[in-house]
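One structure is given below, encoded as structure tokens.
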2 protein chains.
Amino acid sequence: MKKQEIFSAEAEARMNSRGVKPTAVRLLVFSALHMAARPVSVADLEEALQTVDKSTIFRTLTLFLEHHLIHGIEDGSGSVKYELCHGEWDCSVRDMHLHFFCECCHRTFCFRDMPIPEVELPEGFAMHGVNFVIKGLCPECADK
Amino acid sequence: MKKQEIFSAEAEARMNSRGVKPTAVRLLVFSALHMAARPVSVADLEEALQTVDKSTIFRTLTLFLEHHLIHGIEDGSGSVKYELCHGEWDCSVRDMHLHFFCECCHRTFCFRDMPIPEVELPEGFAMHGVNFVIKGLCPECADK
DNA sequence: TTGATTCTGCAACCAGGTTGCAGCGATTTT
DNA sequence: AAAATCGCTGCAACCTGGTTGCAGAATCAA
């Protein structure tokens, strides 16, 4: 069994466990998300998967979001970025981490090892999600 | 001197001190931002200031942003929200605070007294700004 | 095989954001 | 005061990311 096939099998299992039928296109999208070094936008995926239509990518991402296979990050670039949830069976707030958006090269970095600090909300507010993005310059851009 | 005039004079002084010429329209926009109970979108301002054109509002906000009279919040609603900087002469990261976006009524709340927790970035990353938004249900919507 | 259901691609649409341009008013210069 | 200059504003058009309607293709069940 080749490495690719192993991954594919894992992806399939993951989708099945979340009640998402693993079609060919969905596996492609999942794989592209897995390959990506950083969170990607719909446009990035369109670029990477030239054979797949924008609306299909969009609907696939929506589906993945609903089933907690991925989460979205609003980095302020105007387009939402997506990345696979990496917690094993869950994608809770506690699982979330910090992101960094470079205002120069417009790349978004994941700081996987930097969890979102816990916050105490005022009485009555219920937290469902969280979006914590730092903006500035990445090392490459700061150097110039 | 009426209350309104006093405020107007303050607004003018504020703009002058930041190198922004206080035109009639700009004072209107500034005033609308001041009145608003929470961060507002361009659409909100358009609604509030029916006589002023969308593009003028947009350019005014851009100008205010550049001159640190206001800051923007990406709450994930799709449209950026703006609010006056309330620190006296500055609008630094340290001055920023947490926001809460209600997924039901789509309002954005300011938690003025909850500063953004300090974070230690990896070597080489330079922080210019920060966006920390909690999503969930506000007390009113949670009740239903 | 047939019928029902889901998935996908295409094209069109929508909204927020942005820009080009011309007119207007304020300001400065002569 | 008239002329030249400059910035501010409104209008209309545009762009881009996101979203939807629809019809054909693929999948699944009987």
Side-chain angles (χ1 to χ4, degrees), chain A residues 11-12 15-16 18-33 39-67 69-83 101 103 106-108 131 133, chain B residues 11-12 15-16 18-33 39-67 69-82 101 103 106-108 131:
Chain A
E12 244 183 274
M15 288 191 212
N16 279 322
R18 296 291 171 91
V20 174
K21 198 205 285 184
T23 69
V25 169
R26 289 176 187 166
L27 286 169
L28 275 178
V29 173
F30 193 96
S31 164
L33 284 162
V40 293
S41 63
V42 176
D44 294 334
L45 289 172
E46 242 185 302
E47 168 89 29
L49 308 170
Q50 309 244 352
T51 60
V52 185
D53 187 74
K54 177 172 75 153
S55 65
T56 301
I57 294 176
F58 172 74
R59 284 190 268 237
T60 302
L61 291 174
T62 305
L63 190 71
F64 283 4
L65 274 178
E66 283 165 0
H67 292 257
L69 282 164
I70 61 176
H71 51 255
I73 304 137
E74 282 124 23
D75 59 12
S77 67
S79 51
V80 183
K81 304 280 172 71
Y82 302 89
E83 65 181 352
F101 177 71
E103 291 170 327
H106 296 176
R107 288 184 299 177
T108 298
N131 194 53
V133 178
Chain B
E12 244 183 274
M15 288 190 211
N16 279 322
R18 297 291 172 93
V20 174
K21 197 205 285 186
T23 68
V25 169
R26 288 176 189 168
L27 286 169
L28 275 178
V29 174
F30 193 96
S31 163
L33 284 162
V40 292
S41 63
V42 176
D44 294 332
L45 289 171
E46 242 186 302
E47 169 90 29
L49 309 170
Q50 308 245 351
T51 60
V52 185
D53 187 73
K54 177 173 74 153
S55 65
T56 300
I57 294 176
F58 171 74
R59 284 192 267 238
T60 301
L61 290 174
T62 305
L63 189 72
F64 283 4
L65 273 178
E66 283 165 0
H67 292 258
L69 282 164
I70 61 176
H71 50 254
I73 304 136
E74 282 124 24
D75 58 12
S77 67
S79 51
V80 183
K81 304 281 171 70
Y82 302 90
F101 178 71
E103 290 170 327
H106 295 175
R107 288 184 300 178
T108 298
N131 194 53

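Residue numbering restarts at 1 for every chain, and letters A, B, ... go by the order of the sequence lines. Both backbone and side-chain heavy atoms feed into the values below; hydrogens, waters and symmetry mates do not.
Judged purely by atom type and a 3.5 angstrom limit, A:Asn131 uses its side chain to pair as donor or acceptor with the backbone of A:Glu74. Between the side chain of A:Ser31 and the backbone N or O of A:Leu27, no donor-acceptor pair lies under 3.5 Å. At least one donor-acceptor pair under 3.5 Å links the side chain of A:His67 to the backbone N or O of A:Arg18.
Ring-plane geometry between A:Phe101 and A:His106 is classed as parallel, the angle between the planes falling under 30 degrees on a 0 to 90 degree scale with a further cut at 60.
The two atoms that bring A:Ala11 and A:Phe30 nearest to each other are CB-CD2, 3.5 Å, heavy atoms only. Here the shortest heavy-atom pairing between A:Met15 and A:Leu69 reads CG-CD1, 4.1 Å.
Straight-line distance from the NE2 atom of A:His106 to the C1' atom of D:dT16: 15 Å, rounded to whole Å. Between the CG atom of A:Leu61 and the P atom of D:dG17 there is a distance of 15 Å, rounded to whole Å. Regarding A:Leu65, its CG atom lies at a distance of 12 Å from the P atom of D:dG18, rounded to whole Å. Summarising the geometry, the separation between CD on A:Glu66 and P on D:dT19 is reported as 12 Å, rounded to the nearest angstrom. With rounding to whole Å, B:His67 atom NE2 is found 14 Å from D:dC8 atom C1'.
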*asked:* Does the protein touch nucleotides 3-17 of chain C at the base, only the backbone, or not at all? Give it as B, S and - per nucleotide, heavy atoms under 4.0 Å.
replied: ---SSSBB-----SB
